[in-house]
2 protein chains.
Amino acid sequence: MDLTERKLKILQAVIADFIRTAEPVGSRTISKNYELGSPATIRNEMSDLEELGYLTHPHTSSGRVPSEKAYRLYVNEMMKKTELTQEQKDAIARDLYSNVTELENLIERAAHVLSEITNLTAFAISPRKEQDTLRYINLLPVDAKTIILMLVAESGKVSNTAVRLDKPASEETLRILAKNMTYNYSGKTLSEALTTDIIKTFKADAEAMTMFENNIAPSFIRTLEDMLNVNLYMDGLTNIFSLPEYNDIEKARTFFELVSRKQDIMQKLGSRGDGVLITIGGENEDEELSDCSVITASYHVDGKLVGKLGVIGPTRMKYDEVTSVVEYLTDNLSKAFRLTEGEEDDS
Amino acid sequence: MDLTERKLKILQAVIADFIRTAEPVGSRTISKNYELGSPATIRNEMSDLEELGYLTHPHTSSGRVPSEKAYRLYVNEMMKKTELTQEQKDAIARDLYSNVTELENLIERAAHVLSEITNLTAFAISPRKEQDTLRYINLLPVDAKTIILMLVAESGKVSNTAVRLDKPASEETLRILAKNMTYNYSGKTLSEALTTDIIKTFKADAEAMTMFENNIAPSFIRTLEDMLNVNLYMDGLTNIFSLPEYNDIEKARTFFELVSRKQDIMQKLGSRGDGVLITIGGENEDEELSDCSVITASYHVDGKLVGKLGVIGPTRMKYDEVTSVVEYLTDNLSKAFRLTEGEEDDS
DNA sequence: GTTAGCACTCTTACCTTGCGAGTGCTAACT
DNA sequence: AGTTAGCACTCGCAAGGTAAGAGTGCTAAC
């Protein structure tokens, strides 16, 4: 059923007020602040909206509170994207790029900025590296029985470990090994490399094979896994203490227990779809998130690797504002990664 | 003034009871559970103990609570170190070493185990690397205008970054550069390296100098700082919600805000003395920690580098138990690091 | 020096009460 | 038919009052 224009306006007013104050909104308040008719009229309309499932009543005698259905309608139809002003954009960019040396660092920074602006709990996860391929493998002698295993990926990421050997290895052996490994692994994605067995390619050189098998392979696998690893950055956790909905110690506890299970969070958020995605309360598959809203957006590295950032907060959140910021930040990240992947500019 | 034996026993009883229950302890309770006389007698003694500053009174009509002075006395004189049983030790060791691949990982794991056992907020910080020296510097070509800068420290730690160059560099230039850098930096501590200027050593090779100055030096400095960096791992943050002293939302908030300033925490805890160190309430120089107790202990790497781990909790904590666990864990870490630094064992 | 007894204090839980905000309904108005 | 004023009613919340319980401090007897 289509809502009349006035019903829509009233609904919007209730939502706006409730998002601002966290208090149930009464008919008088709406009547005073908006030109939508007398309290009695508003009451009648509100009653209808309640019947339609857009508003609820905490108790008979208190004002109305928007339902999830209302938020959904708001997000889909009524919310006007608040384009950030140039000053806001500049301020964000300044914050984002200040103090940043490594790209990984930029991701962390994005979470920080996001939480500062939205006053919510923000997170950012680094790109999933499944698509990244190996370019280059190197073995460097350090001392007689220590070498360094070094993997260079197409994306530019470098990872290494010190490996201790059973017995000294000649430079020649190391050279052969590295050459063989590079030959066999380069061009393969990290995950493919994990499942590729190259032992058989050593038939010419028993010594190299033994060394690979006994000393290098374990470190190699570990390093690959490390490169694949996705990092989660969270910031603004304590912001929830400012929210009236978390004034209850049990609520706060539940929230903190949820977000401290980083593995879970990473999986839940990482598996969300691309683009800006808003899930409201019960729309979250996760029981534990059923009274939160989550807004995420994805950024891209090299057009393939995908990372995410977003916020977790109460269903009462400034959807418009948060959406704009999240979008602007992911745009910036994507741009930053494109710059360094390809040609560097001279700024 | 010396306390009589009975006063000591009563004090100990009050402390034990209060640590267990978090409730002010009355004279009847003590009288019933310990053979120390009638309630009235206990009351008189308690009154004396209060005058001496060992006990306080939340209100006229409630039981006694130990003062910080009492905890200090308890920790110094009365607490008997509870040696862990072999089973406990085994269980801890099993937990500690499960799932550990890298040493850095072991530190994180130690914080986890510590928080699980003590039900407090635990932390561990990786060793300060001030004493670590550079062994070896390498520059590896990746493609025409990308190289990898790689630093190897005496401790075995390896760190690297991809460096983009203004213009292509010949292998020869890179070789000269790497050789020169190694010659000038090896043997220097990381901090010394940061303050050493080697530009002048390039007088023979203008090209190498320019490249070092324009492209490599910034990355070099960044990488050094990264190697120096100490990591902080915290675990069991949500444990504080189980403590009655943090049932107040403001208390919880303050605590979380404190521990989320990781830089501060790192500095405060990192600068503590060696060995097992217990600071109680106001003994903490930090205002914000003035109603917490902190127990830390240090572990050693290679006899020089020092890392720390410990717990933060209310002044009412099981000092004996926590001390034992903290000690056992640092012993284990020191041992683990000794093993891998020197000769590997074959387990 | 130790203990029993007792008055007193203070906290806590519980109940009552009154107020304010807000609703729902009815009836009058446009 | 839609809108509005009026009014009784509901409910949550804060304030005040009371009773119970735990514990102390003091006095006097053992």
Side-chain angles (χ1 to χ4, degrees), chain A residues 1-11 13-15 17-18 20-67 70 244-245 247-249, chain B residues 1-11 13-15 17-18 20-67 70 244-245 247-249:
Chain A
M1 167 206 167
D2 263 353
L3 297 173
T4 64
E5 181 156 353
R6 190 170 62 186
K7 280 197 173 56
L8 277 174
K9 280 190 178 155
I10 290 175
L11 185 54
V14 173
I15 292 173
D17 245 61
F18 186 71
R20 198 164 42 80
T21 64
E23 299 285 325
V25 186
S27 54
R28 269 181 61 84
T29 320
I30 302 283
S31 173
K32 258 188 286 188
N33 300 332
Y34 306 81
E35 309 261 301
L36 294 167
S38 76
T41 313
I42 310 266
R43 272 205 291 284
N44 290 332
E45 296 285 51
M46 279 175 151
S47 189
D48 290 353
L49 284 167
E50 179 157 5
E51 220 165 300
L52 293 166
Y54 291 105
L55 294 177
T56 50
H57 240 187
H59 334 278
T60 322
S61 77
S62 206
R64 287 341 200 267
V65 168
S67 68
E245 26 273 277
N247 245 342
D248 177 22
I249 197 102
Chain B
M1 169 204 165
D2 264 354
L3 298 173
T4 63
E5 181 158 351
R6 189 171 62 188
K7 280 196 172 59
L8 277 174
K9 278 188 179 158
I10 290 175
L11 185 54
V14 172
I15 293 174
D17 244 61
F18 185 71
R20 197 164 43 79
T21 63
E23 299 284 325
V25 186
S27 53
R28 271 181 60 86
T29 321
I30 302 283
S31 173
K32 259 190 285 188
N33 300 332
Y34 305 81
E35 309 262 300
L36 294 166
S38 75
T41 312
I42 309 267
R43 271 206 291 286
N44 290 332
E45 296 284 51
M46 278 174 151
S47 189
D48 291 351
L49 283 167
E50 180 158 5
E51 220 167 298
L52 293 166
Y54 292 104
L55 294 177
T56 51
H57 240 184
H59 332 278
T60 321
S61 78
S62 205
R64 292 327 204 276
V65 168
S67 68
E245 26 273 276
N247 245 344
D248 176 22
I249 198 104

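For the numbers below, each heavy atom of this structure counts, side chains included, while hydrogens, waters and symmetry mates do not. Lettering of chains follows the sequences in order, A, B, ..., and the numbering in each one begins at 1.
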Atom-pair distance (CD on A/E51; P on C/dG24), nearest Å: 11 Å
Which heavy atom of B/R64 sits nearest a heavy atom of B/S47, and at what distance? NH2-CA, 3.7 Å
Write down the atom of A/M46, the atom of A/V14, and the distance for their closest heavy-atom approach. CE-CG2, 3.8 Å
Does the base of C/dT2 carry an N or O that pairs as donor and acceptor with the side chain of B/T41 under 3.5 Å? no
What distance do A/L3 atom CG and A/D48 atom CG have between them, rounded to the nearest 0.5 Å? 9.5 Å
From D/dT24, C/dT11, D/dT4, nucleotide with atom closest to B/M46 side chain: D/dT24
Approximate separation, where rounding is to 0.5 Å, of B/E245 CD and B/N247 CG: 9.0 Å
Specify the closest pair of heavy atoms between A/A70 and A/I15, including all atoms of both residues, with the distance to one decimal. O-CD1, 3.7 Å
Between B/E45 (CD) and D/dG25 (C1'), how many Å, whole number? 15 Å
Give the rounded distance in Å between these two atoms: CD1 of A/I10 and C1' of C/dG22. 16 Å
Atom CD1 of A/I42 and atom P of C/dA21 are separated, to the nearest Å, by 18 Å
Would you say the side chain of B/T60 and the base of C/dT9 hold a donor-acceptor pair, judged only by whether the two atoms sit under 3.5 Å apart? no
What is the distance from CZ of B/F18 to C1' of D/dG23, rounded to the nearest Å? 16 Å
Name the closest nucleotide to the B/A40 side chain, picking from D/dC11, C/dC10, C/dT3. C/dT3
With pairs defined as Watson-Crick or G-U wobble and both distances under 3.5 angstrom, please note down DNA chain D as a dot-bracket string, | for pairing with another strand. ||||||||||||||||||||||||||||||
Determine the contact category for A/S62: base if any of its heavy atoms lies under 4.0 Å from a base atom, sugar-phosphate if only primed atoms, P, OP1 or OP2 are that close, otherwise nothing. sugar-phosphate
If you check the A/S47 side chain, which of C/dC10, D/dA5, C/dG24 turns out closest? C/dG24
Residue whose nearest DNA chain C nucleotide is more 5′ - B/S38 or A/N44: B/S38
For residues A/L11 and A/L55, report the shortest heavy-atom separation together with the two atoms involved. CD1-CD2, 3.8 Å
Within less than 4.0 Å of OP1 or OP2 of D/dA5, is there a side-chain N or O belonging to A/R28? no
For D/dT24, does OP1 or OP2 lie under 4.0 Å from any side-chain N or O of B/R64? yes
Contact summary for A/P244 and A/A22, nearest pair of heavy atoms: CG-CB, 3.6 Å
Rounded to the nearest angstrom, tell me the gap between atom CG in A/L55 and atom P in C/dG22. 15 Å
Testing the basics here: between B/T60 and B/H57, what is the closest heavy-atom pair and its distance to 0.1 Å? O-CE1, 3.5 Å
Along DNA chain C (nearest heavy atom to each residue), the more 5'-positioned of B/S61 and B/L36: B/L36
Atom-to-atom span, NE2 of B/H59 to P of C/dC10 - whole angstrom: 10 Å
For the side chain of B/R43 and the base of C/dG5, is some donor closer than 3.5 Å to an acceptor across the two? yes
In whole angstroms, the gap separating P of D/dA22 from NE2 of B/H57 amounts to 16 Å
